[in-house]
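Inspection log for the structure reproduced underneath, given as structure tokens.
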Amino acid sequence: MAHLFLVKDIAFQAGLSTATVDRVLNGRPGVRRQTEMRVKAAIAELEKQQAGAMGSGRMLAIDIVMETPQRFSDAVRAAFEAEMATFLPGIFRCRFHFAEVMKPAELVQLLDRIRLRGTHGIVLKAPDVAEVAAAVARADAAGIPVVTLVTDLPNSARIAYAGADNRAAGETAAYLIGEFLGSDSGKVLVTLSSGRFRGEEEREIGFRRVIRARYPDIGITESSEGHGTDAATGTLAGAALAADPAINAVYSIGGGNRAVLAAFDMAERPVRVFVAHDLDADNRALLAARRIGFVLHHDLRTDARSAFRAIMSRATALPRAVTPSLSSVEIVTPYNMPAAD
């Protein structure tokens, strides 16, 4: 397998031991096909990053760790890869660790493994639970800065949060739905991927506050723990619709929007207004087809830039740490949808 990189660099990128990578590179027996593919993917990733690194400077290798549906992790990967080339001469090299569903123990094990292997920083989207906060504290004690992405861990040792004001986003969703429904009232199905994520909880708090204060005739039904996956989210949405004939609107906090719409179609129920988050590929298609009305979008490249700067400030020992500003929330409709990167 031809390559121009050190075995330890390939191992770091692939998340494997150097011995395993050496076996793959030299075609030795006893290597699983999946392992071989991970090594090939790591080499391809290194080649792509090397081609984009036009300049010289210190290389900062960081790990992006996320429990999130693939449609969102794809968007995050694209944002971080696009921003890497803008940080010259300080070059970032990213290793991505994505899973749609991850138990807290598995996430903690991964964070500890990254800490022991070594990294210049961790960008983390994770549930706000004690075990994860403890793993962040261990990383910080080892001199590894952790930046939370999209959803915060405010009671942890993270050095910064990169993302939007989630409570304000929820308030915006309430305003859009409340003004759209008007005097017709109705009931909103609020879908979360999981109640363990602080960002989703903040969105729901903001949404409920404005509905309660300004639109008291509108009811709310919550559906949670679908983890943003289509199968589980669709099942939960279908059960909510069967239990409550008044539901006629959706505020999708946690994704799985195709499945939610399919549940309405199966029940032969109309959706008066549908507000979603993030301009991923699914939401772009649904917005263009007028299946959803509004997408609350914030620029993931801004979040990536904030995370890079916060980690760089720690790595270069700047006299004052960089505190990222919150990324702004934009209301996107079928008529102002920006072009895909």
Side-chain angles (χ1 to χ4, degrees), residues 68-72 74-75 100-101 169-195 197 199-201 203-204 206-208 210-212 214-297 329 331-337:
T68 194
Q70 183 176 346
R71 58 181 169 272
F72 187 65
D74 286 346
E100 292 201 324
V101 180
E171 293 169 345
T172 302
Y175 173 77
L176 291 171
I177 291 175
E179 292 296 307
F180 194 95
L181 292 180
S183 60
D184 294 340
S185 68
K187 183 168 282 189
V188 184
L189 176 62
V190 177
T191 64
L192 298 89
S193 70
S194 174
F197 289 101
E200 295 193 11
E201 180 184 54
R203 291 174 183 177
E204 185 189 19
F207 182 82
R208 287 183 180 274
V210 171
I211 291 293
R212 183 172 58 249
R214 295 180 58 93
Y215 312 101
D217 293 334
I218 296 176
I220 297 173
T221 293
E222 178 186 320
S223 173
S224 185
E225 305 312 313
H227 301 287
T229 60
D230 285 347
T233 302
T235 298
L236 291 168
L241 290 172
D244 194 338
I247 295 173
N248 61 352
V250 177
Y251 175 34
S252 172
I253 294 176
N257 299 328
R258 288 188 183 277
V260 173
L261 288 166
F264 274 86
D265 292 341
M266 182 69 68
E268 298 183 340
R269 298 265 291 276
V271 184
R272 289 286 311 282
V273 58
F274 194 124
V275 177
H277 278 273
D278 305 313
L279 272 180
D280 55 37
D282 275 9
N283 283 343
R284 283 182 173 277
L286 293 172
L287 195 61
R290 309 301 197 268
R291 296 301 311 276
I292 58 179
F294 304 98
V295 171
L296 300 179
H297 173 65
V329 176
I331 301 171
V332 181
T333 74
Y335 298 98
N336 70 334
M337 183 164 47

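Heavy atoms only: backbone and side chains are in, while hydrogens, waters and symmetry mates are out.
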With a 4.5 Å heavy-atom cut-off, do Val188 and Ile218 have their side chains touching?
yes

Any heavy-atom pair between the side chains of Ile292 and Leu261 that's under 4.5 Å?
yes

Got more than 12 heavy atoms from elsewhere within 6.0 Å of CD, Glu179?
yes

Can you see whether Phe207 has Arg214 sitting over its ring - NZ or CZ less than 6.0 Å from the centre and within 45° of the normal?
no

Parallel, tilted or perpendicular: rings of Tyr251 and His277 (30°, 60°):
tilted

Answer yes or no: is there a side-chain heavy-atom contact under 4.5 Å between Phe274 and Val260?
yes

Taking the side chain as every heavy atom from C-beta outward, state whether Asn248 and Val271 have any atom pair closer than 4.5 Å.
no

If you take all heavy atoms of Ser223 and Leu189, which pair is closest and at what distance?
CB-CD1, 3.9 Å

Kindly say whether Ile331 contributes a backbone atom to a donor-acceptor pair with the side chain of Asn336 at under 3.5 angstrom?
yes

For Ile247, is there any backbone N or O sitting under 3.5 Å from a side-chain donor or acceptor partner on Arg269?
yes

Would a 4.5 Å heavy-atom cut-off, applied to side chains only, mark Asp184 and Arg272 as touching?
yes

Side-chain touch Phe294/Ile177, heavy atoms, less than 4.5 angstrom:
no

Got Arg71 and Arg258 here, is their nearest side-chain heavy-atom distance under 4.5 Å?
no

Determine whether a donor-acceptor pair (N or O, by modelled atom type, separation under 3.5 Å) exists between the side chain of Glu225 and the backbone of Gly195.
yes

Side chains of Asn283 and Asn257: do they bring a donor and an acceptor to under 3.5 Å?
yes

Decide salt bridge (charged side-chain N to carboxylate O under 4.0 Å, His left out) for Arg291 and Asp265; before the verdict, give the C-alpha distance in whole Å, the side-chain angles of both, and the deciding distance to 0.1 Å.
CA-CA 11 Å; Arg291 296 301 311 276; Asp265 292 341; 3.3 Å; yes

State which residue, out of His227, Glu200, Glu100, fulfils the side chain to side chain donor-acceptor pair (under 3.5 Å) condition with Ser193.
Glu200

Would you say the side-chain atoms of Asp280 pair up with the backbone N or O of Asp282, donor to acceptor, closer than 3.5 Å?
yes

